[in-house]
Amino acid sequence: PVMFVALIALSGCAQFRNVYPQLNETQASLVADCQRLGVIVETANADHLSVYMARRSMENRVRERAVQLGATHIVWLHRTDTSATAQAFRCEAD
């Protein structure tokens, strides 16, 4: 029983790790000279047990789509419990 509780606790902590270390969240003024890749829009899934988890999942889908586009940075344009929008950018390394 103790092992089961420990596994549950550890799996919950995975939600707080940065699973996209190559992607930076920033402000629009800081990526003005970068290549704009597009706008990403997601909505929350109603099948989550909590609003918090639905929102985290939705935000991670935005991040995943940005990474798939080759983005190095995103700028959040809108985030609520039910929808999120971000602009994806590719910036050259200094």
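All of these numbers come straight from a predicted model, not from anything done at the bench.
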field: His73 vs Gln87 side-chain heavy atoms within contact, under 4.5 Å
entry: no
Q) Heavy atoms, side chains only, cut-off 4.5 Å: are Val41 and Val62 in contact? A) no
(Q) How about CG on Asp47, more than 12 heavy atoms from neighbouring residues, nucleotides or ligands closer than 6.0 Å, or not? (A) yes
Between the CH2 atom in Trp76 and the CD1 atom in Ile40, the distance rounded to the nearest 0.5 Å is 8.0 Å
Gln27 CD: over 12 foreign heavy atoms closer than 6.0 Å: no
Co-membership, hydrophobic cluster, residues Leu77 and Leu30, 4.5 Å side-chain: no
Nearest heavy-atom contact between Ala84 and Arg79 is CB-CG, 4.1 Å
Next item on the list: Using a 4.5 Å cut-off on heavy atoms from C-beta on, say whether the side chain of Asn45 contacts that of Arg61.
Entry: yes
In this structure, CD of Glu42 is separated from OG of Ser83 (nearest 0.5 Å) by 10.5 Å
*With a 4.5 Å limit on heavy-atom distance, are the side chains of Asp81 and Tyr52 in contact?*
no
Distance col, row Leu23:CG vs Leu69:CG, nearest 0.5 angstrom, shows 10.5 Å
Review point. So do the side chains of Thr82 and Thr43 get within less than 4.5 Å of each other, counting heavy atoms only?
Key: no
Is there side-chain contact between Phe89 and Leu37, with heavy atoms separated by less than 4.5 Å?
no
Here the gap from Glu59 atom CD to Ile74 atom CD1, rounded to the nearest 0.5 Å, amounts to 8.5 Å
Student check: side-chain heavy atoms of Glu92 and Gln35 closer than 4.5 Å:
no
Side-chain heavy-atom pair Arg36, Arg90 within 4.5 angstrom cut-off: no
dist Arg56:CZ -> Ser50:OG (nearest 0.5 Å) comes out at 11.0 Å
Nearest heavy-atom approach of Cys91 to Thr72 is N-OG1, 2.8 Å
